[in-house]
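Data block below; observations after.
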Amino acid sequence: MSELIPVGSFQGMKSLNKSTILNVIRQSGPISRAEIAKLTKLTPPTVTNLVGELIESRLVVESTLGESTGGRKPILLLINSSAFYVIGVYAGAKRVKAVTANLDGKVVRQVEMKYEDNQTSEQFLLALETAVEKVMQSTHPNQEPFLGIGVGMHGLVDPELGLSLFAPHLNLRHVPIKWALEKRFKLPVEVENDVRAQAIAESWFGKGVGIPNFICVHVGTGVGAGIIIDNKLYRGSSFTAGEIGHTTIDSNGPRCSCGNYGCLETMVGGAALARRAQQAIRYGKESIIEEWVAGDLDKIDGEMLCRAAQRNDQVAIEVLSDTGRYLGIGLANLINTLNPALIILSGGVSRAEQFVLQPLLKTLERRALTKPAKEVTIAISELGENAIAIGAFTLLLNKLFTPTGLGDVVTDFLSKEERGETNLET
């Protein structure tokens, strides 16, 4: 990885200016060189020279002619999104999903695989490698157009080492994801907790665009949060900021995988919903779900509860309403502590919005401080089922569009081209 660029150095200023121009083109393109100069306060010759380098590295391409203001029509610039691909991997609790995308963040191909039962670290890494290889082959047969691989991994992650510290639902510890994938594919790899990766995706492509302070909360098999403060991801001193699934909601509640009792995850996670539905049916409450599973209550899952609630099944509606109330307690604690402008909900619970959201909002009214509760917006993510995989490849884009990351990509590409190792089509 790149070292920090020395502040005030010529190379540092050049990389910073080039990154600034690249981001202006990304956010405002198609745009002319003259307009870039106005927006960035850089001199026209500087813009012309740096744009030339960006075109040479194939990150930027000249597009159509713009409107004339009296002279020649200006040539407009765009990000050359189709010249390169990035790979995003969601290593979830039950399966792995890999996607490829252009530099504009549009998903091109995707592959999804289930893990082996009771798999080892080696089997887990093989599953990741297989998914990445399959999605690369289905996107482009040659490896050169790929800039790197991002991985959104559930559980505790050390993003600096690219290490999965603890994946509770897979019962795996200290898995060297970055090392294994870089060794296999000879590409740079970024690794982050799954929900924190999604928070970055929301800030680039989702509900969080343009909002400096927001929290992304994912409720699925597990529960976690990604916290954006002043437009930056907050990781905490040991990279565990946002583990709201392991905050206590009921000290007398069920035992959690972390060893504590009554964690939020034990009240709103997928297993918690199934458990409450099972209990209700065993206590004699009638539910269409019992017919669906042919009496085998262990087959009940969150998706089934959503479908049953839509058919006015009272057991399902009660379970989801309770989920909204428990989640409301957890979010009230976040609001009182961090005072975000926005909380974005995603995961299975978001599909049950009509049954979860009202109880949640009523709980916030009672438990969150009045002023922050009134000013926060609760929204449902619109990134869809690929949200975390999108977050994973956004880790790469986030690095690419910075001075140090841009230097890595341009230098690596040009050195390969000099050696005749690239075969990109412009």
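All values below were derived from every heavy atom in this structure, side-chain atoms included, with hydrogens, water molecules and symmetry-related copies excluded. The chain is numbered in sequence order, starting from 1.
The heavy-atom pair separating L78 from S63 by the smallest distance is CD1-OG, 3.5 Å. For the residue pair E182 and K178, the shortest heavy atom distance occurs at OE2-NZ, 2.7 Å. Shortest non-hydrogen contact noted between A199 and L233 is CB-CD1, 4.5 Å. The two residues V376 and P340 have their closest heavy-atom pair at CG2-O, 3.5 Å. Between E133 and F185, the shortest heavy-atom distance links the atoms N-CZ, 3.9 Å. In plain terms, the two heavy atoms of L396 and P188 that are nearest each other are CD2-O, 4.3 Å.
Every pair passing ring pair (Phe, Tyr, Trp, His ring centres under 6.0 Å) that includes a residue from residues 192-216 is listed here, sequence neighbours excluded: W204-F401. The salt bridge (Lys or Arg N to Asp or Glu O under 4.0 Å) contacts involving residues 29-46 comprise R33-E62, where partners must be two or more places apart or lie in separate chains. Applying the side chain to side chain donor-acceptor pair (under 3.5 Å) test to residues at least two apart or on different chains, the pairs with a partner in residues 227-239 are E192-R235.
Listed for the Y115 side chain is no donor-acceptor partner under 3.5 Å among the backbone atoms of Q123. Of the possible polar contacts, none joining the D158 side chain to the L163 backbone as a donor-acceptor pair under 3.5 Å is found. Judged purely by atom type and a 3.5 angstrom limit, S28 has no side-chain atom pairing as donor or acceptor with the backbone of I25. Using modelled atom types, one side-chain atom of N49 and one backbone atom of P45 make a donor-acceptor pair closer than 3.5 Å. Side chain of Q137 to backbone of K134: no donor-acceptor contact under 3.5 angstrom is found. The main-chain N or O of G391 is never found under 3.5 Å from a side-chain atom of Q198 such that the two would form a donor-acceptor pair.
Between L345 and L360, some side-chain heavy-atom pair lies under the 4.5 Å cut-off. Side-chain atoms of I229 and N213, non-hydrogen and from C-beta on, do get closer than 4.5 Å to each other. Inter-residue side-chain proximity for R367 and I335 is flagged as unmet; no heavy-atom pair is nearer than 4.5 Å. I177 places a side-chain heavy atom less than 4.5 Å from the side chain of L125. With a 4.5 Å cut-off on side-chain heavy atoms, L39 and I36 do not count as touching. A 4.5 Å side-chain heavy-atom check between Y90 and D194 finds at least one atom pair inside the cut-off. V217 places a side-chain heavy atom less than 4.5 Å from the side chain of I343. Residues V319 and F355 have side chains not in contact (no heavy-atom distance under 4.5 Å, counting atoms from C-beta outward).
Atom CG of N171 has 12 or fewer heavy atoms from other residues, nucleotides or ligands within 6.0 Å. In Q279, the CD atom is crowded: over 12 heavy atoms of neighbouring residues, nucleotides or ligands sit closer than 6.0 Å. No more than 12 heavy-atom neighbours from other residues, nucleotides or ligands sit within 6.0 angstrom of CD on E303. Within a 6.0 Å radius of CZ in R275, more than 12 heavy atoms belonging to other residues, nucleotides or ligands are found. Within a 6.0 Å radius of CD in Q27, more than 12 heavy atoms belonging to other residues, nucleotides or ligands are found.
We find the CG-CD1 distance between L327 and I378 to be 8.5 Å, quoted to the nearest 0.5 Å. Considering CD1 of I344 and CD1 of I211, their distance stands at 6.5 Å, rounded to 0.5 Å. Residue H218 holds its NE2 atom at 11.5 Å from CD1 of I244, rounded to the nearest 0.5 Å. Atoms CD1 and CG, from I228 and L338 in turn, are 12.0 Å apart once rounded to the nearest 0.5 Å. Here the straight-line distance linking atom CE of M153 with atom CG of L165 works out to 10.0 Å at 0.5 Å rounding. To the nearest 0.5 Å, the span separating CD1 on I215 from CG on N339 amounts to 9.5 Å.
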Exercise. How far apart are the C-alpha atoms of L22 and I79, what are their side-chain angles, what is the distance that settles it, and do they pass the side chain to side chain contact (heavy atoms under 4.5 Å, CB included) test?
Worked result: CA-CA 8 Å; L22 189 65; I79 296 296; 3.5 Å; yes
For this session: Begin with the C-alpha distance, continue with both residues' side-chain angles, and end with the deciding distance and a verdict on side chain to side chain contact (heavy atoms under 4.5 Å, CB included) for N23 and R26.
Result: CA-CA 5 Å; N23 276 288; R26 176 178 70 85; 3.3 Å; yes
For this session: Please assess L181 against E129 for the test side chain to side chain contact (heavy atoms under 4.5 Å, CB included), listing each intermediate value before the final yes or no.
Result: CA-CA 7 Å; L181 293 182; E129 291 174 12; 3.7 Å; yes
For this session: Take V175 and L170, measure what side chain to side chain contact (heavy atoms under 4.5 Å, CB included) needs, and give me the verdict at the end.
Result: CA-CA 11 Å; V175 183; L170 297 176; over 6 Å; no
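Among residues two or more places apart in sequence or in another chain, the salt bridge (charged side-chain N to carboxylate O under 4.0 Å, His left out) test is passed with D322 by R325.
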What donor-acceptor contacts under 3.5 angstrom involve side-chain atoms of residues 250-274, with partners at least two apart or in another chain?
unit_1 : atom_1 : unit_2 : atom_2 : d
D250   : OD1    : N252   : N      : 3.0
R255   : NH1    : G259   : O      : 3.3
R255   : NH1    : Y261   : OH     : 3.1
E265   : OE1    : V223   : N      : 3.2
E265   : OE2    : H169   : NE2    : 3.4
T266   : OG1    : C263   : N      : 3.4
T266   : OG1    : C263   : O      : 2.6

Please list, one pair per line, the donor and acceptor atoms closer than 3.5 Å that link side chains of residues 94-102 to other protein atoms, with sequence neighbours excluded.
unit_1 : atom_1 : unit_2 : atom_2 : d
R95    : NE     : E112   : OE2    : 3.0
K97    : NZ     : N386   : OD1    : 2.9
T100   : OG1    : R109   : N      : 3.3
T100   : OG1    : T139   : OG1    : 2.7

